[in-house]
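Worksheet: the structure to be examined is printed underneath.
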Amino acid sequence: MLLTSFIKNNKERLTLGLKKRGFKELDLLDKVVEWNDERKRLQQESDELQANMNRASKSIGGLMKQGKKEEAEKAKGDVAEWKKTLADLKPRLEKVKEDLENGLLNIPNCPHESVPAGQDEEDNEVFRAWDKPFPELGENKLPHWELAEKYDIMSLKLGSKITGAGFPVYKGKGAKLQRALIAFFLDEADKAGYTEYIPPHMVNEASARGTGQLPDKEGQMYHATEDNLYLIPTAEVPITNIYRDVILDEKDFPIKMTGYTPCFRREAGSYGAHVRGLNRVHQFDKVEIVRLEHPEKSYEALDEMLEHVAGLLDKLELPYRILRLCGGDLGFTSALTFDFEVFSAAQERWLEVSSVSNFETFQSNRLKLRYRDANNKKHLAHTLNGSALALARIFASILENHQTAEGIRIPKALQPYTRFDLID
RNA sequence: GGAGAAGUGGCAGAGCGGUUGAAUGCACCGGUCUUGAAAACCGGCAUAGUCGAGAGGCUAUCGGGGGUUCGAAUCCCUCCUUCUCCGCCA
């Protein structure tokens, strides 16, 4: 959520940015500013009435003690009058506050100036291309869903029996590979200075609001209605919310957190050939990295995160490229996002395995996550996060890219974790 | 799930219908003293909104929401959380 003051003072920049996103309701910007002015006006009026009432009420106590009954009664009458006026005012104030809030909730983040204009993924800019050769797999190459069956290491059929479509079951060396990847990613994050968390896998409404899943992406999350809890779609939600309503000290930065969690996504309406196998599932594992940063340092941090993720893919010996998302493909809450795509050699297509974003103050405004500067002034912190990495697709691309006639080759860096070097 | 108790500032802890945004202590920050530190003493120290150039003023907030009252941290209702006991249980 943007600050009203930002909208008011950066109208040109914001309009330009939102156009890059293809955001149509630009008149919302003016409306929000108007609503805010109206809110202030009504607020002042109401404060004044309350001040009158408080003053009169206070005096009544004294008057009663002095036995000035009549004067006290008169004051009571005054208060009753003001109270009536206030009762008229209150609903109008509430209404305009609600309009303002809804308006703000519907304005996406202002894209960073480096974000290219564009409609969809076709227009994303290749920020770093893969300049080495792709794996030579030969004629007998198989997609991961066939490899999984061949080596009996993962089954979607079994998952659909137990739960439903899109819930994979990992087995034997497949399960071990999965566990090894999680441990590997967490160790790498640890080495890079991220503090590990194991957060709850369900969150309440306030948390889902804090990171912006609600009210926007209601349909994407599994909702346990009985208890009004949501299964997390990413560890970003519980981990970032650790710092909801927190005022940091400037010297607390940077705050670097990581955590492994399963992620649950309803993915309503996305079926078809392109979502076969592990390409898109309802439950997958992910190690997330989250950072809270001083506004002046957040883009530096974003670069660092980018290199961290790149390093992981290098160690897994997977061909990948980095995209700078265009305005149209950029998430609602993000100012700048880089996607990592691994080339899945057997499917001959790129699969998104990580997304690294800077939200600037868009989330922290909602979270009320602030810091005090040297002069004790409070400011919103910047939040960032990235997948490091998302597992189902990494699992798939390891299978596909490292398949050989003898079996699936485990990359060197991972072998200490799997304690085998081949799946056969 | 059942029965009780409690939720007040960073922490501890008073207040239990009127000038209390909230005593006191600790922590923290600034100062005096000291070669330096400690102790002692003095001063400061919540969040948000709003008005104001500023000093400062006003409003709201004592777990959340609602109510009673001229007036609520204090009374009532409701929800949430924590603790104790019982039941169930990995």
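Chain A is the first sequence line, chain B the second, and so forth, proteins listed ahead of strands; every chain is numbered from 1.
- Atom OG of A/Ser355 and atom CD of A/Glu341 lie 10.0 Å apart (nearest 0.5 Å).
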Could you list the donor-acceptor pairs under 3.5 angstrom formed by side chains in residues 45-62 of chain A, with sequence neighbours left out?
unit_1: A/Ser57; atom_1: OG; unit_2: A/Met53; atom_2: O; d: 3.1
unit_1: A/Ser59; atom_1: OG; unit_2: A/Ala56; atom_2: O; d: 2.7

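- A gap of 12 Å separates the P atoms of B/C76 and B/A6, to the nearest Å.
- Base pairing of B/G87 is not made with any nucleotide, judged by Watson-Crick or G-U wobble geometry with both donor-acceptor distances under 3.5 Å.
- Of the possible polar contacts, none joining the A/Asn385 side chain to the A/Val290 backbone as a donor-acceptor pair under 3.5 Å is found.
- Only the P atoms considered, B/G31 is 26 Å distant from B/A48, to the nearest whole Å.
- B/C75 sits 23 Å from B/A3 when the P atoms are compared, rounded to a whole Å.
- Residues passing the side chain to side chain contact (heavy atoms under 4.5 Å, CB included) test with A/Lys95 are A/Asp99, sequence neighbours excluded.
- Using Watson-Crick or G-U wobble geometry with both donor-acceptor distances under 3.5 Å, B/A6 finds its partner in B/U81.
- No side-chain donor-acceptor contact under 3.5 Å links A/Ser334 to the backbone of A/Phe359.
- As the counterpart of B/A60, B/U47 is assigned, both hydrogen-bonding distances of the Watson-Crick or G-U wobble pattern falling under 3.5 Å.
- Distance check on atom C1': B/C58 versus B/G66 gives 26 Å, rounded to whole Å.
- For B/C26 and B/C42, the P atoms lie 12 Å apart once the distance is rounded to whole Å.
- Comparing the P positions of B/A39 and B/G54 gives a spacing of 39 Å, expressed to the nearest Å.
- Across all strands shown, nothing is found opposite B/A23 as a Watson-Crick or G-U wobble partner with both distances under 3.5 Å.
- Evaluation of the side-chain hydrogen bond (donor to acceptor under 3.5 Å, both in side chains) test over residues 157-176 of chain A, restricted to residues two or more places apart or in two chains, returns A/Asp152-A/Lys171.
- Of the residues in residues 73-96 of chain A, A/Lys76, A/Val79, A/Lys83 come within less than 4.0 Å of RNA chain B through at least one heavy atom, sorted by number.
- Of the possible polar contacts, none joining the A/Thr240 side chain to the A/Val237 backbone as a donor-acceptor pair under 3.5 Å is found.
- Within the structure, every pair that satisfies the ring-ring contact (aromatic ring centres under 6.0 Å, His included) test and touches residues 189-216 of chain A, not counting sequence neighbours, is listed here: A/Tyr194-A/His308.
- With a 3.5 Å ceiling on both atom-pair distances, the Watson-Crick or G-U wobble partner of B/C41 is B/G31.
- Protein chain A touches strand RNA chain B; the 5'-most and 3'-most nucleotides with an atom under 4.0 angstrom of its non-hydrogen atoms are B/G18 to B/G71.
- For the C1' atoms, the distance from B/C16 to B/G7 is 15 Å, rounded to whole Å.
- Listed for the A/Arg372 side chain is no donor-acceptor partner under 3.5 Å among the backbone atoms of A/Ile247.
- Position along RNA chain B of the nearest nucleotide to A/Lys378 versus A/Ile60 favours A/Lys378 as the more 5'-ward residue.
- Taking atom P on both nucleotides, B/A14 is separated from B/A23 by 14 Å, rounded to a whole Å.
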